[in-house]
Engineer: 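Input: one structure, supplied below.
Since we're looking at a predicted model, the values are computed, not measured.
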Amino acid sequence: MIPVRGFEGRTVAVFGLARTGLAAARALIAGGAKVALWDERPEGRAAAEAEGLPLVDLATADWSDFAALMLSPGVPLTHPTPHWTVDRARAEGVEILGDIELFARAVNAAPEHKRPKVVAITGTNGKSTTTALIGHICASAGRDTRIGGNIGYGVLGLDDMHGGAVYVLELSSYQLDLTSSLKPDVAVMLNISPDHLDRHGGMEGYVSAKRRILLNQGKGDTAVIGVDDPWGQRICTEITAANRRTIVPISASKAMGRGVYALQGLLYDATGERATEVADLLRARSLPGRHNWQNAAAAYAAVRGLGISPEEAAEGLMSFPGLAHRMETVGQVGRVRFVNDSKATNTDAARQAMSSYPKFFWIAGGQPKTGGIESLADLFPRIEKAYLIGEATEEFAATLKGKAQVVECGDLATATARAHADAAAKGQDAIVLLSPACASFDQFADFEARGEAFREAVHGLSVPQPKGACA
């Protein structure tokens with residue numbers, strides 16, 4: 001783990017005891033702090049008790065004893081309304097921070113020869129794939145690479161730092177809202193489209209949170225900015241005017257006089273005197289589609305910012321094995337292939353998968369985002385049949401009425417069985433696509449749990465289920 005120093009002998013309250021909170025608690029203790037842990041969920045408290053970590057009911061605690069509040073990123077900081085722990089901390093003058101901020105302080109406090117390189121990645125879509133891809137290229141090039149943040153391990157649970165290490169961190173807008181001193185050597189902002197607007201009070205608040213990844217960069221740092229959307233274009237223009245760091249625009253839709261871009265599957269590096277073809281992404285089996293070409297452009301630009309050669313970067317792109325829960329084939333039964341795209345928690349992410357197949361049997365639903373699925377209307381003709389689950393069922397069924405056949409299934413196992421039966425009945429190659437366009441929290445702990453449930457349901461299939469399996 002990475003010990004967090006600066007709170008020696010003082011007490012830090014930790015609220016939210018999932019992966020992030022528990023890793024932070026261990027790191028704080030390792031750095032000499034005392035901790036007071038709490039979670040409103042019994043399973044969170046049970047996890048802390050199982051490790052012998054001290055539980056303190058923060059609702060009745062004396063907050064004057066606390067040096068800081070370490071807040072789980074899933075807990076509302078400002079919108080729709082601040083969580084009661086946030087109100088209490090502010091009333092008592094207690095600093096509120098997240099695990100990424102604790103990590104940033106640990107990096108900033110390290111002597112120069114022990115300070116690692118940090119690559120931070122954000123964006124509305126593609127964060128996890130790009131993070132895993134950058135980590136893969138770095139590791140393949142012989143760098144001591146640790147991957148975490150909003151993917152895999154909580155950052156403070158990663159191996160302790162040294163001067164030769166590279167930390168590749170996926171950062172959500174929730175995490176960035178709690179971060180003020182992170183200074184990444186390479187910052188990647190892939191794209192921005194409306195998402196999590198309820199948690200940020202609207203689009204400007206969401207964009208502002210994403211921009212925090214660039215907050216502290218200066219001379220010698222690299223900013224990789226996707227310019228295929230208007231918000232990315234604006235940010236790239238604004239930070240170019242600031243003229244401090246090295247700025248590399250990336251695109252998967254147009255050639256550029258400067259930057260890294262992909263056209264028709266070919267990746268070009270135009271950061272030098274002329275554009276040079278560096279990779280044929282059509283040969284990269286785990287990076288299909290234009291959205292993955294943008295991810296590849298970002299990853300290439302990021303690792304070049306670390307000094308990895310163009311040849312090593314291209315080799316890493318070709319050998320990337322892919323990412324779980326993102327257009328991941330989890331099984332095939334007869335002529336029916338099952339694709340797990342559980343990571344698609346919004347319509348823009350779902351669009352990327354849906355655009356990759358001419359026809360598919362679609363499993364969708366969960367906790368809906370603002371605007372529903374109306375923005376996907378141009379892709380509705382590709383849907384053979386839609387199998388709806390979770391809280392979004394009624395809303396999605398109304399949107400799809402008259403445009404695609406709908407089966408209201410309730411839960412994922414039922415939807416998987418029914419989609420398999422209908423796809424197999426066609427007697428030809430078929431795709432069953434789980435790309436929910438929704439958050440998972442109505443039925444699952446997170447998108448990973450939803451993806452694993454789909455994988456288990458697919459592996460449990462042996463014969464087509466009866467057609468009356470769902471309403």
Side-chain angles (χ1 to χ4, degrees), residues 2 100-123 127 130-131 133-135 137-149 155 158 160-171 175-176 179-190 210-227 232 234-251 256-261 269-273 276 278 297-313 316:
I2 302 171
I100 302 301
E101 176 60 20
L102 292 174
F103 168 78
R105 293 183 185 188
V107 172
N108 295 341
E112 188 67 32
H113 69 281
K114 289 189 176 180
R115 197 170 297 166
K117 296 292 186 183
V118 177
V119 182
I121 301 97
T122 198
K127 296 186 297 296
T130 304
T131 301
L133 182 53
I134 292 171
I137 296 171
C138 289
S140 298
R143 304 294 181 94
D144 182 5
T145 306
R146 297 94 189 268
I147 302 172
V155 64
L158 298 174
D160 199 5
M161 63 184 67
H162 63 79
V166 179
Y167 289 85
V168 184
L169 307 179
E170 176 188 330
L171 302 183
Q175 289 170 308
L176 287 167
T179 304
S180 60
S181 65
L182 181 69
K183 184 181 181 295
D185 298 276
V186 179
V188 178
M189 183 178 291
L190 289 163
K210 292 293 189 186
R211 285 190 63 136
R212 293 177 72 86
I213 203 168
L214 305 166
L215 188 64
N216 301 307
Q217 281 194 304
K219 187 176 180 180
D221 299 324
T222 299
V224 178
I225 310 291
V227 294
R234 186 181 76 184
I235 290 169
C236 190
T237 299
E238 289 171 354
I239 68 170
T240 299
N243 195 29
R244 293 188 297 163
R245 73 213 94 189
T246 298
I247 300 164
V248 184
I250 60 163
S251 175
M256 297 186 296
R258 180 179 62 88
V260 177
Y261 60 91
D269 182 344
T271 58
E273 294 182 357
T276 304
V278 293
Y300 175 87
V303 301
R304 291 290 293 124
L306 295 175
I308 291 174
S309 72
E311 294 76 18
E312 288 176 312

Engineer: Looking at residues at least two apart in the chain, or sitting in another chain, which of them share a side-chain hydrogen bond (donor to acceptor under 3.5 Å, both in side chains) with T122?
Structural biologist: K210

Engineer: Looking at R258 and I247, would you say the former's side chain and the latter's main chain have a donor-acceptor pair under 3.5 Å?
Structural biologist: yes

Engineer: Just jot down the side-chain hydrogen bond (donor to acceptor under 3.5 Å, both in side chains) partners of S181, sequence neighbours excluded, or say none.
Structural biologist: E101

Engineer: Within this structure, what is the CG-CD1 distance for the pair L171 and I100, rounded to the nearest 0.5 Å?
Structural biologist: 5.0 Å

Engineer: Please report the closest heavy-atom contact between M161 and A110, naming both atoms and the distance.
Structural biologist: SD-CB, 4.1 Å

Engineer: For the side chain of Y261 and the backbone of A270, is there at least one donor-acceptor N/O pair under 3.5 Å apart?
Structural biologist: no

Engineer: For V248 versus G259, what's the shortest heavy-atom pair and its separation?
Structural biologist: CG1-CA, 4.1 Å

Engineer: Of I147, T131, V119, which is the lone residue that meets side-chain contact (heavy atoms from CB on, under 4.5 Å) with E170?
Structural biologist: T131

Engineer: List the residues meeting side-chain hydrogen bond (donor to acceptor under 3.5 Å, both in side chains) with T130, not counting sequence neighbours, and say none if there are none.
Structural biologist: N295

Engineer: Could you give the distance from CD1 (I2) to CZ (F103), rounded to the nearest 0.5 Å?
Structural biologist: 5.0 Å

Engineer: Scan V303, I121, I137 and name whichever one has a side-chain contact (heavy atoms from CB on, under 4.5 Å) with V168.
Structural biologist: I121

Engineer: Between R115 and V107, which heavy-atom pair has the shortest distance, and what is it?
Structural biologist: NE-O, 3.3 Å

Engineer: Main chain of L306, side chain of R143: is a donor-acceptor contact present, judged purely on distance under 3.5 Å?
Structural biologist: yes

Engineer: After noting the C-alpha distance and the side-chain angles of I235 and L214, does the key distance pass the side chain to side chain contact (heavy atoms under 4.5 Å, CB included) rule?
Structural biologist: CA-CA 10 Å; I235 290 169; L214 305 166; 3.7 Å; yes

Engineer: With the side chain counted from C-beta on, respond yes when T240 and I225 share a heavy-atom pair under 4.5 Å apart, and no when they do not.
Structural biologist: no

Engineer: Is a side-chain N or O of R212 found less than 3.5 angstrom from the main chain of L182, in a donor-acceptor match?
Structural biologist: no

Engineer: Kindly give the heavy-atom pair with the smallest separation between A302 and I134, and that separation in Å.
Structural biologist: CB-CD1, 3.7 Å

Engineer: When rounded to the nearest 0.5 angstrom, what distance separates CG in L169 from CG in L158?
Structural biologist: 7.0 Å

Engineer: Does anything in residues 297-307 pair up under salt bridge (charged side-chain N to carboxylate O under 4.0 Å, His left out), and if so which pairs, sequence neighbours excluded?
Structural biologist: none

Engineer: Provide the closest heavy-atom pair for G316 versus L133 in the form atom of the first, atom of the second, distance.
Structural biologist: O-CD1, 4.4 Å

Engineer: Is there a donor-acceptor contact under 3.5 Å from the side chain of Q217 to the main chain of P184?
Structural biologist: yes

Engineer: Could you list the residues that satisfy salt bridge (charged side-chain N to carboxylate O under 4.0 Å, His left out) with R211, not counting sequence neighbours?
Structural biologist: E238

Engineer: Spell out, as yes or no, whether a donor-acceptor pair under 3.5 Å connects the side chain of N216 to the backbone of S180.
Structural biologist: yes

Engineer: So which atom in I250 and which in A298 form the shortest heavy-atom distance, rounded to 0.1 Å?
Structural biologist: CD1-CB, 3.4 Å

Engineer: Does D221 have any salt bridge (charged side-chain N to carboxylate O under 4.0 Å, His left out) partners at least two apart in sequence or in another chain, and if so, which?
Structural biologist: K183

Engineer: Please report the interatomic distance CZ(R105) to OG1(T179), rounded to the nearest 0.5 Å.
Structural biologist: 10.0 Å

